[in-house]
Amino acid sequence: MTIAEPTRATAIPERPSIDGLEDKWAPVWEEQGVFAFDRSILDERGREGVYAIDTPPPTASGSLHVGHVFSYTHTDLVARYKRMAGYEVFFPIGWDDNGLPTERRVQNYYGVRGDASLPYDPDFTPPREGGEGKSVKAADQVPVSRQNFIELCDILTVKDEETFEDLWRRLGMSYDWSLSYRTIDDHSRATAQQMFLRNLAKGEAYAADAPGLWDVTFQTAVAQAELEARDYPGHYHRVAFHRTDADAPVFIETTRPELLPACVALIAHPDDERYQGLFGKTVRSPLFQVELPVLAHPDAEMDKGAGIAMCCTFGDLTDVTWWRELRLPTRSIVTRTGRLLGEAPAWITHEAGIAAYEGLAGRTTFSARAAVVDLLRESGDLVGEPTPTQRKANFYENGEKPLEIVTSRQWYIRNGGRDADLNAALIERGREIAFHPSFMRARYENWVGGLNGDWLISRQRFFGVAIPVWYAVGADGEPDRDALILPREDQLPVDPAAQPAPGYDESQRGVPGGFVGDTDIMDTWATSSLTPQIALDWRGGEGDAGSLWSQIFPMDLRAQAQDIIRTWLFSTVVRSHFAENTVPWHHAAISGWILDPDRKKMGKSKGNAETPEGMVKEYGADGVRYWAASAKLGTDAAFDIGQMKVGRRLAIKVLNASKFALSFGEEPAGVSGGAGGSAALRRAVTVDVDRSMLTALADVVGKATAAFDAYDHARALEVTEAFFWTFCDDYLELVKDRAYGGQGEAAAQSARAALRIALEVLLRLLAPFLPYATEEVWSWFHDGSVHRASWPVPAEADVPAGSVSPAVLAGLGGALAGIRKAKSEAKTGMRAEIARVTIAADPAAVSGIRAGEADLRAAGRVTGDIDFADAATLEVRDAVVVPVERTPR
RNA sequence: GGACGUGUAGCUCAGCUGGUUAGAGCGUUCGCUUCACACGCGAGAGGCCGGGGGUUCGAGUCCCUCCACGUCCA
């Protein structure tokens, strides 16, 4: 990096262009620290001087897509506005690089698979590199040790993050890059582990054996928030159970006959007349001959199937409810690999049952199902043939097979899913946050209100933050899961799978009297729910009154997309509620989705112009930002190349119009250097037309500011842009002749001064949206960055001569439009002269137009008389258009 | 089935607490090299404001209901 050169007013190019501005200005902003957070503000103005933003760390192993560009731009708009409005903006960015998406990408990229049973190989070379996109079959993956696998994850994520950073910089994201973090770096891991230990100490985190959702492909537990209900084809099988007190069948219907050996009861609704006589009695299961009770529970659906269901441990979440509430025994047959137990379980005692099970042992649920159906058909217990059905099954959002429910020991953090008081408290926390738009709060409350269990944070994977726990091993060589060995906070981060427990030696691992490490890692959200703590250095700053953490937390704004309210937003609230008894931030800005032209959620990008890189190349960062900025928070938006083109045009227009406004040389009073026009400039504005324009501009400043303050960037843009276009089309055309000196020196000075004042205000109003074009223009006549200039205030447009109604300019614009229309209808060019014309309007409008008559005559090339007349609405008529001979050049 | 959101010109969207003939941009049609801009400028056409009820002097805007679409949860 070279020594920073100060931004300097440069010559105005002959033909200004927006192409290449990203390469020109992004490095300058970095070198000059334009977006660097200056913590001395805390000494000068305290917390009031800071605006702190909590930004989602994008998944490093995915790819940044248009949806990211969309919502991250929204956040950047707020950051830039707040920065110009006088706040020192704390705006960090991180990368979320742990978790399953990274593992999957590493598997495919290098063709490897983690295997915890293998030893570390320091000389390992991956079989290949760069297998983008294509997945590698499990059989072709080379197994590697946990440590080797983690190293590959580390290499690839860093590589990915560099390309991401480059894109964010080109897009003009105004992060302070010195604050960036990775959720897998030592600081993040230590923070996550320390908070976990605090939660553990206070009973907010705990381990428990419980039935939970399990992905057999990834072989890990899955949390409620990661579920996805999908349509899944299946068959209803009508199966006969047999009463033990009578020779009579009881028919049930099930989509999962292979779970018959795991059946623990039959259950019907307590009000169901058909089964009143059966409650309390027992039946015998077909094939396996296990005696089972018939019980009543309100969750049984009377109108579904036979109205009576078999309860297995476990086929679905309803089974879990029944099992828990009716205190049924646990008879699991599905193992973590998705295969059935290898031997007949103890509860099957009948000889025929044991024999039947032999055909199922060790098979996948899919092949076991077919086998059970065959057996039922033989025994005559299958009634009719299976009938096809579509049902909803739970999937892990990244998985391909339906989830099984497996009993295992897992770590949880309480989240109100099993505790009504905590649930109410967390809903109340949500009400302390101002959601933008406000209806997004409903999503938060719906989710929290619908929780049915605590937050499962442990995953049986490789690349992530380790659960910082060891267990003492007893004299019998068995680990004692209640004898936790915990690290001190100053020892964090730790990896119990690789490091010995405190006070032990590595040689004591797994031996009697020694220790074992917990092999689980935390779910990604258990770390990213601490982004405020990570970014503000809670760990290093807790208890230090002068630290960023103690001075800034809670933050001002959480910005994110709507899909992760239930995960990221909620989990951050949970952590903050436990640790600090407060909300983590006061505002939440929620962006919508990007939809492709078919109104579907935008999938993976298809063409080059639909990748963020391609978009920026094609339309410029300003053009892409304009598209994102024109959509309101919380509203899904269409992927719209047309809007990017419009934004590109707007940026080009800014360059050209500015070139014109600045083409009259240095003003006599000199350049103000920042905040909107010196006193001398304002004194020079004496002409009504100019004063009218500035009055309208002051109104625009007020509206744009109010819109930004209400987190409505789209409205701020709309108001500013609308003014800017009429400013170019009408005002610039009207005053052009006068500014060139056509009406004398004083009149020219008024126009030039008004142009200069308006330009300074407009550039700053547009700066958050078009950071590159506005910075380029600003550099033509200012030192320093427009992005550190002060946000305009309406008073900047006040001139000593007094304000003039915006109606004057509007009336002149209308009159000019009428003249243009006459020329257009005469099919002449705009250079045609008007020999005579009548302008009819109400008296007030007429007097306004008369005040600017000289400008109107020049802009419309009116050489003859203008007759004024009375009319309710403005009308230009009886124009005599005189075409001009085309002069060959 | 429940919650939330959306439905306004061919397309993408504005229309704040109900108030004059419903707006913008894109696209389209016609015209123009006009000394900031042809990566431009000017003009025109184009709308039973999803359907049906109601409240009101007055409804795109408020209420009810139905329909369609989207997302999430069952």
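Predicted model, so just to flag it, every value in this text is computed and none were measured. In what follows, chains are A, B, ... by sequence order, proteins preceding strands, each numbered from 1.
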- [ ] Begin from the C-alpha positions of A:Tyr232 and A:Phe395 and carry the test ring pair (Phe, Tyr, Trp, His ring centres under 6.0 Å) through to its verdict.
- [x] CA-CA 10 Å; A:Tyr232 191 69; A:Phe395 286 74; 5.6 Å; yes

Practice item. Give the C-alpha distance, both sets of side-chain angles, the deciding distance and a yes or no for ring pair (Phe, Tyr, Trp, His ring centres under 6.0 Å) between A:Trp593 and A:Phe70. Key: CA-CA 8 Å; A:Trp593 279 117; A:Phe70 183 70; 9.8 Å; no

Checklist entry - Which is it for A:His297 and A:His269 under the ring pair (Phe, Tyr, Trp, His ring centres under 6.0 Å) test, yes or no, and what are the steps along the way? => result CA-CA 5 Å; A:His297 192 281; A:His269 196 280; 8.9 Å; no

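Here salt bridge (Lys or Arg N to Asp or Glu O under 4.0 Å) pairs that include residues 809-829 of chain A, with residues two or more places apart or in two chains, are A:Asp730-A:Arg820.
A:Glu397 has its CD atom 16 Å from the P atom of B:U71, to the nearest Å. The nearest whole Å value for the distance from the CG atom in A:Leu21 to the C1' atom in B:C39 is 13 Å. Protein atom CG of A:Asp640 is 18 Å distant from nucleotide atom P of B:A24, rounded to whole Å. In this structure, CZ of A:Phe439 is placed 7 Å from C1' of B:C4, rounded to the nearest angstrom. For the pair A:Asp622 CG and B:C39 P, the interatomic distance rounds to 19 Å; values are reported in whole Å. Put simply, NZ on A:Lys736 is 12 Å from P on B:U34, counting in whole angstrom units. The interatomic distance linking A:Met440 (CE) with B:U71 (P) rounds to 14 Å, in whole Å. For the pair A:Ile427 CD1 and B:A3 P, the computed distance is 16 Å after rounding to whole Å.
With both ends at atom P, the span from B:U21 to B:U12 equals 29 Å, rounded to whole Å. One C1' atom belongs to B:G18, the other to B:A59, and the distance between them is 6 Å to the nearest Å. Only the C1' atoms considered, B:C11 is 34 Å distant from B:G54, to the nearest whole Å. If you take atom C1' in B:G25 and the same atom in B:G15, they sit 15 Å apart, rounded to whole Å. Separation of the C1' atoms belonging to B:C72 and B:C30 is 50 Å when rounded to the nearest angstrom. As rounded to the nearest Å, B:C63 and B:A24 have P atoms that lie 28 Å from one another. Rounded to whole Å, the C1' atom of B:C49 lies 13 Å from the corresponding atom of B:A14. Here, B:U17 and B:C62 have their P atoms 7 Å apart, quoted to the whole Å.
No contact: A:Leu655 has no heavy atom under 4.0 Å from any strand.
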Side-chain donor-acceptor pairs of residues 655-662 of chain A under 3.5 Å, sequence neighbours excluded:
unit_1, atom_1, unit_2, atom_2, d
A:Asn656, ND2, A:Ile652, O, 3.3
A:Ser658, OG, A:Val654, O, 2.5
A:Lys659, NZ, A:Glu14, O, 2.7

Output side-chain donor-acceptor pairs under 3.5 Å for residues 714-722 of chain A, partner residues at least two apart or in another chain, one line each.
unit_1, atom_1, unit_2, atom_2, d
A:Thr720, OG1, A:Ala716, O, 2.7
A:Glu721, OE1, A:Tyr626, OH, 2.9
A:Glu721, OE2, A:Tyr626, OH, 2.7

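Residues A:Gln560 and A:Trp568 have side chains that never bring a donor and an acceptor to within less than 3.5 angstrom of each other. A side-chain N or O of A:Ser750 and one of A:Asp690 form a donor-acceptor pair less than 3.5 Å apart.
Remark: A:Asp712 does not engage A:Lys703 in a salt bridge, criterion side-chain N to carboxylate O under 4.0 Å. At a threshold of 4.0 Å, the pair A:Arg256-A:Glu404 counts as salt-bridged, since one of the basic side-chain nitrogens sits closer than that to a carboxylate oxygen.
You'll find that the side chain of A:Arg566 is closest to B:C72, out of B:C13, B:C72, B:G5. The side chain of A:Arg15 lies closest to B:C39, out of B:G70, B:A74, B:C39.
In this structure, A:Tyr81 and A:Phe708 have parallel ring planes: the angle between them is below the 30° cut-off, well short of the 60° mark. Using cut-offs of 30° and 60° for the angle between ring planes, the A:Tyr711 and A:His436 rings count as parallel.
Listed pair A:Arg648 / B:G25 fails the phosphate criterion, with no side-chain N or O lying under 4.0 Å from OP1 or OP2.
Along RNA chain B, the nucleotide nearest A:Thr828 and the nucleotide nearest A:Val646 are compared for position; the residue whose nucleotide lies closer to the 5' end is A:Val646. Of the two residues contacting RNA chain B, namely A:Gln643 and A:Leu227, the nearest-nucleotide position lying further toward the 5' end is that of A:Gln643.
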Atom pairs, N/O to N/O, protein against nucleotides 14-22 of chain B, distance under 3.5 Å?
unit_1, atom_1, unit_2, atom_2, d
B:A14, OP1, A:Lys632, NZ, 3.3
B:A14, O2', A:Glu718, OE1, 2.9
B:A14, O2', A:Glu718, OE2, 2.9

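Both key distances under 3.5 Å define a Watson-Crick or G-U pair, and stretches of 3 or more such consecutive pairs in RNA chain B run B:1-7 with B:67-73, B:10-13 with B:23-26, B:28-32 with B:40-44, B:50-54 with B:62-66.
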5' to 3', nucleotides 40-46 of chain B under a 4.0 Å protein heavy-atom cut-off (B base, S sugar-phosphate only, - none) gives SSBSS--

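For A:Trp778 and A:Phe781, the gap between ring centers is short of 6.0 Å.
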